[in-house]
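Chain letters run A, B, ... following the sequence lines, proteins first and then strands; every chain starts at 1.
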Amino acid sequence: MSEDRSLLDDEMWSDLRRLTAARIGLRRTGASLATGPLLDFKLAHARARDAVHEPLDEARLIAELAGLGLETIASASAAESRKQFLMRPDLGRRLAAHSEQMLASHAARYDVAFVIADGLSARAVQQHAAHVLGFVVPMLRDEGWRIAPLVIVRHGRVATGDAIATLLGADCAAVLIGERPGLSAPDSMGAYLTWQPAPHTTDADRNCISNIRPDGIKYSEAAHKLAHMLRAMRARRISGVQLKDDSDRLPDGANIEAAIPDAGKQL
Amino acid sequence: MYSATIGVRRYPFGDLATLLAKASPLRSGDQLAGLAAESGEERVAAQFVLADVPLASLLHQHVIAYETDEVTRLIVDSHDRAAFAPIASQTVGEFRDWLLSDEATTPALAALAPGVMPEMAAAVCKISALQDLMVMAAKCTVAKAFRSTVGLPGRLSVRLQPNHPTDDVRGIAASILDGLLLGAGDAVIGINPATDSPDRTHRLLSMLDDIRIKLDIPTQSCVLAHVTTTLELIRKGSPVDLVFQSIAGTEAANKSFGINLALLKEAREAALALRRGTVGTDVMYFETGQGSALSANAHCGVDQQTLEARAYAVARAFKPLLVNTVVGFIGPEYLFDGKQITRAGLEDHFCGKLMGVPMGVDVCYTNHAEADQDDMDALLALLVAAGVNFIMGVPGADDVMLGYQSTSFHDALAMRDLFGRKPAPEFEAWLQRQGLIDSSGHIRPLESPGRFRALLTG
């Protein structure tokens with residue numbers, strides 16, 4: 001085995017690695033990766049794969065949400081298994097019939113419905129959803145917002161929030177969902193916000209706050225952005241691309257993107 | 001109306017689009033679209049029927065109507081009848097046999113390319129084995145040039161892909177340094193920007209141009225922003241080498257990307273007018289991928305592999321330097337696992353090359369697909385054996401901005417060593433001058449030259 005990097009280079013690479021999370025300056029042997037970085041990569045991939053397939057522990061999540069003083073409803077999409085959820089995005093966007101009936105029985109007038117969906121990383125919402133809601137729910141409640149019962153969706157994609165908000169009678173859908181796991185972040189949560197969703201709603205009608213996790217957008221910061229965005233939506237009665245232009249000029253520098261449809265990254 | 005009888009069962013196929021879809025090897029995207037064969041027997045029945053379809057009949061039967069789709073009009077109106085003449089009397093099955101025969105030499109295939117419609121390429125692809133796709137593609141040479149020449153026989157080029165989640169210029173430079181030292185970047189140094197802002201794109205273009213000039217690298221740079229952003233920046237004087245755009249095989253899907261053929265033509269002319277190429281004038285860089293039309297709900301009832309071939313007809317019309325199928329990026333609902341990704345990667349490479357398109361492949365997967373790095377190692381080796389023009393070079397195969405896994409600088413080095421492939425000739429000479437190639441011809445940096453380090457300080 002040949003060690004090609006000089007000592008000086010080792011120092012240089014450890015400096016450069018502070019500039020990027022990219023796997024730069026990896027030790028190699030011949031043309032190939034040395035054993036250490038090869039196994040590092042396999043570990044990261046194994047964690048991401050585990051995150052995709054890990055089931056949501058609904059009972060634990062309900063217990064963690066209990067302190068918010070809201071009723072919590074456990075529901076499911078029309079996808080019956082993890083494999084079906086991955087292969088049939090259309091089923092993951094629809095609610096199961098029994099869930100529709102259950103939600104309809106809670107119909108009232110609400111300003112916002114918070115939805116927690118496992119998406120592509122149950123671990124993300126398992127770890128972060130209760131923390132973010134712990135900040136945002138009291139904030140909005142103090143401002144007089146009528147908040148719908150919390151809804152948990154198993155095998156759910158972003159669009160399940162549309163049906164849920166409609167069934168409950170809520171003006172805004174705020175979906176907290178596990179994002180597609182990357183190697184550096186198997187537990188990244190996204191928040192997708194939609195004003196008065198309807199059957200013709202598309203991803204261009206949503207706004208998104210991405211990368212919510214302790215090493216990304218932190219809980220309190222995410223909660224403030226969420227609340228800020230919800231207020232803007234309610235004031236202007238719109239969401240999506242139209243709202244994005246405005247948010248670029250927000251005084252607090254909130255970095256909120258319109259959820260542009262992207263085949264590869266669509267949740 | 002087509003039909004086959006297998007044993008006692010008759011299989012009808014209503015039209016050409018149905019026949020092509022049913023004959024397509026199994027993939028999740030066609031199942032999602034409700035177009036896939038319902039049994040293995042039905043699939044092979046369709047392949048038997050397809051093999052007997054005369055190529056000439058495809059000239060007049062369009063999978064999407066001429067009147068409603070500008071991609072169909074492009075395909076039909078630009079078809080080169082003289083180039084098509086040698087295969088005009090063949091069926092799809094006879095075409096496969098001819099492509100594999102010793103008569104189908106590299107010059108013969110180059111002359112044929114403008115006569116191959118995408119539906120012809122797709123049809124022969126569907127009845128071909130994986131090995132056939134490699135053997136036939138390996139005979140096609142499609143070399144293009146700007147500051148380097150990409151796609152010559154015996155060469156394997158690499159797009160250096162130094163993405164960063166917040167487009168941090170120093171973070172990107174660190175990844176570029178790593179890639180250059182490992183011999184990557186001869187196809188292009190290309191950044192996917194985290195957002196499509198013109199200011200940021202300009203800053204990244206300027207930074208790439210500075211690095212290229214400082215180190216005198218014979219390659220081209222690209223920021224993969226939307227074509228309208230790039231066009232605007234060309235007008236404002238930004239240093240644009242290549243115009244990038246994602247394209248698809250239907251007018252409706254291209255519309256969902258915010259483009260049409262006229263816009264691509266305008267962008268190409270604007271880039272050509274800058275006269276920045278030194279050894280060639282191929283200024284376009286396109287990306288494609290099976291399933292993109294379906295995900296935009298714009299597939300018009302056509303299977304994803306046929307539509308992918310139609311995207312190459314779009315690419316071909318604008319004389320690109322690079323066309324890259326991002327094969328596993330789209331996710332398991334279109335290509336479920338390593339097996340489906342592997343087949344699709346070799347199909348795309350073959351169809352593009354047969355049509356005269358300079359194909360590279362982003363050998364890649366996402367974490368929700370049933371695939372891992374072993375699948376990528378296998379597909380990469382198959383593609384290099386089949387003569388792929390270029391592949392991606394991502395630090396450690398992990399793209400920290402797009403959140404998927406591709407191929408690494410090390411993968412490219414290993415393939416060059418394993419198959420005896422060299423970088424683009426201009427770039428190889430540059431690597432020699434930098435002292436990055438050892439006496440046995442391997443790219444083996446002993447330490448980073450001082451002027452490379454200066455990249456990050458000045």
Side-chain angles (χ1 to χ4, degrees), chain A residues 2 4-9 12-13 15-26 28 30-33 37-38 40-42 44-49 51-53 83 86-90 92 120-121 179-186 188 211 216 248 255 257 260-266, chain B residues 28 31-32 162-165 168 170-175 177-178 182 195 256 289 291-292 294-296 326 329-334 336 366-370 372-373 394-400 402-405 408-410 412-418 442-448 453 456:
Chain A
S2 67
D4 290 327
R5 303 281 191 196
S6 71
L7 203 59
L8 196 61
D9 272 11
M12 179 187 81
W13 288 114
D15 283 348
L16 292 181
R17 271 191 285 267
R18 290 190 200 116
L19 302 174
T20 177
R23 292 167 196 263
I24 54 171
L26 299 180
R28 74 187 156 75
S32 304
L33 279 187
L38 178 72
D40 287 344
F41 181 96
K42 288 187 75 164
H45 181 244
R47 285 178 171 158
R49 292 288 294 156
V52 169
H53 292 279
K83 183 172 177 184
L86 291 173
M87 287 189 72
R88 290 287 305 273
D90 54 327
L120 291 170
S121 172
E179 298 185 311
R180 197 179 77 194
L183 290 202
S184 47
S188 180
N211 198 26
D248 287 345
N255 175 27
E257 303 281 335
I260 301 297
D262 176 326
K265 290 192 282 188
Q266 202 168 45
Chain B
S28 50
Q31 291 178 305
L32 181 63
N163 297 341
H164 188 280
D168 180 87
R170 298 221 304 156
I172 288 172
S175 290
L177 173 66
D178 194 27
L182 294 172
T195 70
S256 82
S292 61
L294 177 59
S295 81
V326 191
F329 185 76
I330 193 158
E333 59 268 44
Y334 302 94
F336 183 66
T366 60
N367 288 316
H368 61 315
E370 288 295 317
D372 62 21
Q373 216 62 26
V394 178
D398 170 13
D399 189 306
V400 292
L402 294 170
Y404 77 123
Q405 286 87 254
S408 67
F409 307 136
H410 302 79
L413 277 190
M415 290 303 108
R416 281 173 175 164
D417 285 2
L418 189 59
H442 294 127
I443 298 166
R444 295 284 187 274
L446 291 175
E447 61 178 48
S448 24
R453 291 160 189 256
L456 292 146

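Listed options Pro165(B), Gly289(B), Ser408(B), Ser175(B) were ranked by heavy-atom pairs under 4.5 angstrom with chain A; first place goes to Ser175(B). Comparing Ser188(A), Pro181(A), Ser184(A) by how many heavy-atom pairs each has under 4.5 Å with chain B, the most go to Pro181(A). Among the candidates His442(B), His164(B), Gln405(B), the residue making the largest number of heavy-atom pairs closer than 4.5 Å to chain A is Gln405(B).
Side chains of Leu182(B) and Arg28(A) form a contact here, defined as non-hydrogen atoms less than 4.5 Å apart. You'll find the side chain of Leu183(A) reaches within 4.5 Å of the side chain of Asn367(B), heavy atoms only. Inter-residue side-chain proximity for His53(A) and His368(B) is flagged as unmet; no heavy-atom pair is nearer than 4.5 Å. At a threshold of 4.5 Å between non-hydrogen side-chain atoms, the residues Met87(A) and Ser28(B) count as touching.
The heavy-atom pair separating Asp417(B) from Ala31(A) by the smallest distance is OD2-CB, 3.6 Å. Residue Phe41(A) comes nearest to Ala397(B) through the heavy atom pair CE1-CB, 4.1 Å, listed as atom of the first residue, atom of the second, then distance. Scanning both residues, Ala174(B) and Ile24(A), for their nearest heavy atoms gives CB-CD1, 3.8 Å. Across all non-hydrogen atoms, the minimal contact from Glu333(B) to Pro89(A) is CB-CD, 3.6 Å.
Put simply, CG on Asp168(B) and OG1 on Thr20(A) are 8.0 Å apart, with the number rounded to the nearest 0.5 Å. The structure places CG of Asp90(A) at 5.5 Å from CG of Leu32(B), a figure rounded to the nearest 0.5 Å. Taking CG of Asp40(A) as the start and CG of Asp398(B) as the end, the distance is 11.5 Å to the nearest 0.5 Å.
Arg49(A) and Glu370(B) are joined by a salt bridge, as a carboxylate oxygen and a charged side-chain nitrogen come within less than 4.0 angstrom of each other.
Of the two parts of Ala369(B), only the backbone, made up of N, CA, C and O, holds a non-hydrogen atom closer than 4.5 Å to a non-hydrogen atom of chain A. When heavy atoms are compared at a cutoff of 4.5 Å, Asp399(B) does not approach chain A at all.
For the pair Arg180(A) and Phe329(B), the distance from NZ or CZ to the six-membered ring centre is under 6.0 Å and the angle to the ring normal is within 45 degrees.
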From CA spacing to verdict: side-chain contact (heavy atoms from CB on, under 4.5 Å), Lys42(A), Gln373(B): CA-CA 9 Å; Lys42(A) 288 187 75 164; Gln373(B) 216 62 26; over 6 Å; no
Working for side-chain contact (heavy atoms from CB on, under 4.5 Å), residues Met12(A) and Leu177(B): CA-CA 11 Å; Met12(A) 179 187 81; Leu177(B) 173 66; 3.9 Å; yes
Worked check of side-chain contact (heavy atoms from CB on, under 4.5 Å) between Lys83(A) and Phe336(B): CA-CA 10 Å; Lys83(A) 183 172 177 184; Phe336(B) 183 66; 3.6 Å; yes
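The backbone N or O of Gly25(A) lies less than 3.5 Å from a partner atom in the side chain of Asp178(B), making a donor-acceptor pair.
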